[in-house]
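Each ligand, and each atom within it, is numbered from 1 in the order the structure gives. What's counted below: heavy atoms across the whole structure, side chains too, no hydrogens, waters or symmetry copies.
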Amino acid sequence: MSSIQGISYDRNALKPRILHLGFGAFAKAHVMVFHDDMLRQSAGDWGVIAVRLHSGADELTQLDEAHGVYTVGEMSGEDLQLREIGCVAGTLHARRDGTAALLSRIADPGLSIVTLTITEKGYCLSGNSLDLAHDGIQKDLANPASPQTAIGIIAQGLAMRMAAGASGLTILSCDNLPANGDLCRKALLAYAGEFDTKLKEWIASNCRFPCSMVDRITPAMTEESQQKLDAALGRPDPNGILCEPFRQWVIEDSFAGKRPAWDLAGAQFVADVALFEEMKLRLLNGSHSFLAYLGALAGMETISDCMSEPSLKAAAKKLMLDEQAPTLQVPEGVDIARYADDLIDRFSNSALRHKTTQIASDGSQKLPQRLLAPVGDHLAQGRRWPLSAFAVAGWMHYCRGTSESGASLPLNDPLSEQIRSFADQFDGTDYVNSLLSLAPVFGEELPATPAFADTIRAAYDEIGSRGVINSINASL
Ligand code: CS2
């Protein structure tokens, strides 16, 4: 049994001032830990309402049974540090409790901030704008008073605040998208503009959408990690979560009202987050996706398994330094070579068991910002990008659903139906071309650029004929 850092503040003082939409593993291990840490240092009444919209009602009920208290375990090698998190003051599930209950919580004048971890697809974007053809958005626009999407729900909650003369809110995106706050603002304004221009104007002048860069590697819990946590704790905690020790949060200092002193917990408030976001998205998430597709194809179960394969380890570092870093303006004070070394160390943390197939999910939503945007820059500058090409071609092979040894690979993606039908109908170049025609992933310009399409086709063929590891080795 390990010792646990218990809660040191008065939980009875907590009021529902923050609502967190998308209360899953990452929120538990990141946003809540910063928040809990702040409460330890400054007390106060900043309580959090933990919200989920679709799945996970039972998980929230389980958290209610534990009075909102759960354990976070930070793992490094054999070391496991436990702490209790006490900042959750209540839970709400759109289906369990009804959308009306959620909307009145957002409309509550005491609420100041909505934090979001709804994943890339939760914003219902196509490119950088709201996808008005999105099924959920269409349904919500047909019936804005009973919305189902995060965008529809926030907009309706804000409409109720406007009608009641309440203050605006800060909507703080904590998802891995570049300029996440700007995208969220744009999506909400576009949505509101479709049915209520007054609401659109009210949101624009009364709400704030700070951008933020979030970082903490938090694998989904498995039976094995649950047992490890329970054994260390000496009792079961079905709400607990294990993650790495590292955590970082850089937040644009733009709030509609008072902001919690998250800086006491190590968060950085800055005027502009863009450089931090791009650096993290391209170096960490970009190489994560590279390792996820190529590693899974080559039979690696986890990211740390990939780090035990010399060619993948060397390639991940080379991708970071030779293909991603040159596309960045590095934030002041950051040593990019050191940042890359630290990432390789974090990826090598064998206690994490972060599955390649987990990171491989939602590729259609992740490739554009992680890999294709930098490739656009390489094409403009006439630079070579062999490893990025393997990553994209690796995604294409992965989408066929089998690894090199014939094991089946899960395809979880909002575009999975379309991707599967391409895989069923086409092979080789025809298959690559069919995927390149997916405008939400590749846009119009890249596939029409021969230097892009030819390179992807060649990388796809090379992986197919030589295998992942030989192809990578030949490019190092
Ligand atoms: C990962 C991220 O699943 C993924 O796509 O790349 O969840 C990654 O672990 C986090 O962004 C780390 O901060």
Side-chain angles (χ1 to χ4, degrees), residues 22 24-34 72 74-76 115-123 173-178 180 211-222 225 241-251 266-268 273 276-296 300-307 312 316 319-320 324 339-340 342-349 351-374 391-392 394-395 398 409-414 441:
F26 184 77
K28 281 186 191 174
H30 184 277
V31 184
M32 297 305 133
V33 172
F34 277 93
V72 168
E74 300 174 351
M75 298 183 291
S76 181
T115 45
L116 301 175
T117 48
I118 53 177
T119 78
E120 295 87 344
K121 60 179 177 251
Y123 295 83
S173 169
C174 304
D175 284 295
N176 286 319
L177 284 162
N180 48 13
C211 294
S212 84
M213 180 270 247
V214 291
D215 192 4
R216 178 165 242 188
I217 296 176
T218 311
M221 290 296 279
T222 59
S225 52
I241 185 84
L242 295 178
C243 58
E244 65 171 339
F246 181 89
R247 62 178 157 93
Q248 189 176 15
W249 197 8
V250 187
I251 310 164
Q268 288 163 266
V273 180
F276 292 94
E277 278 187 310
E278 292 291 17
M279 176 178 75
K280 188 261 172 174
L281 263 172
R282 294 186 182 188
L283 266 70
L284 190 159
N285 299 109
S287 53
H288 246 181
S289 290
F290 170 91
L291 293 168
Y293 300 119
L294 296 166
M300 313 285 158
E301 196 189 342
T302 67
I303 292 294
S304 62
D305 292 345
C306 294
M307 292 297 100
L312 287 176
L319 174 73
M320 291 179 199
Q324 303 287 56
Y339 185 77
D342 290 345
L343 288 180
I344 296 291
D345 284 348
R346 290 169 62 196
F347 289 177
S348 306
N349 183 346
L352 287 177
R353 303 208 50 71
H354 198 189
K355 295 221 165 70
T356 47
T357 50
Q358 184 192 341
I359 300 165
S361 66
D362 292 346
S364 70
Q365 313 288 303
K366 293 174 178 173
L367 289 188
Q369 60 277 15
R370 296 182 178 197
L371 291 152
L372 299 171
V392 178
W395 170 70
Y398 181 98
L409 300 171
L411 178 61
N412 294 313
D413 195 291
V441 183

- Aromatic rings H30 and F26: how do their planes relate, parallel, tilted or perpendicular, breaks at 30° and 60°? parallel
- Message: With respect to T218, determine whether any N or O atom, backbone or side chain, lies less than 3.5 Å from an N or O atom of ligand 1.
- Response: no
- Any donor-acceptor pair under 3.5 Å from K280 side chain to N176 backbone: no
- Task: Report the part of I359 in contact with ligand 1, treating N, CA, C, O as backbone and CB onward as side chain, heavy atoms under 4.0 Å; options are side chain, backbone, both, neither.
- Result: both
- Check whether any side-chain heavy atom of V31 sits under 4.5 Å from a side-chain heavy atom of W249, and report yes or no. yes
- So for R370 against ligand 1, with non-hydrogen atoms under 4.0 Å, the contacting part is side chain
- Item | Flag side-chain contact, heavy atom, 4.5 Å: R216 against E74 | yes
- Message: Which residue and atom name correspond to the protein heavy atom nearest atom 2 (C) of ligand 1, and how close is it?
- Response: N285 ND2, 3.5 Å
- Message: I'd like to check which ligand 1 atoms, numbered from 1 as shown, lie under 4.0 Å from a non-hydrogen atom of H354.
- Response: 9 (O)
- Query: Taking both backbone and side-chain atoms of H288, is any N or O found less than 3.5 Å from an N or O belonging to ligand 1?
  - Reply: yes
- State the atoms of ligand 1, each with its element, that fall below the 4.0 Å cut-off from a heavy-atom position in K280. 10 (C), 11 (O), 12 (C), 13 (O)
- Query: How close does the nearest protein non-hydrogen atom get to atom 7 (O) of ligand 1, and which residue and atom is it?
  - Reply: N176 ND2, 4.2 Å
- Message: Applying ring-ring contact (aromatic ring centres under 6.0 Å, His included) to F347 and H354, what does each step give before you reach the verdict?
- Response: CA-CA 9 Å; F347 289 177; H354 198 189; 8.7 Å; no
- Looking only at protein heavy atoms, which one is nearest to atom 13 (O) of ligand 1, and how far off is it? D215 OD1, 2.6 Å
- Message: Tell me if a side-chain donor or acceptor on Q369 pairs with a main-chain N or O of P178 at a distance below 3.5 Å.
- Response: no
- Subset of ligand 1 atoms that lie under 4.0 Å from at least one heavy atom of R216: 12 (C), 13 (O)
- Between C243 and M75, is any pair of side-chain heavy atoms under 4.5 Å apart? no
- Message: Using side-chain heavy atoms (C-beta onward) and a distance below 4.5 Å, is L371 in contact with Q324?
- Response: yes
- Task: Kindly confirm or rule out an N or O of K366 lying under 3.5 angstrom from an N or O of ligand 1.
- Result: yes
- Query: Would you say Q358 has any N or O atom under 3.5 Å from an N or O of ligand 1, going by distance alone?
  - Reply: no
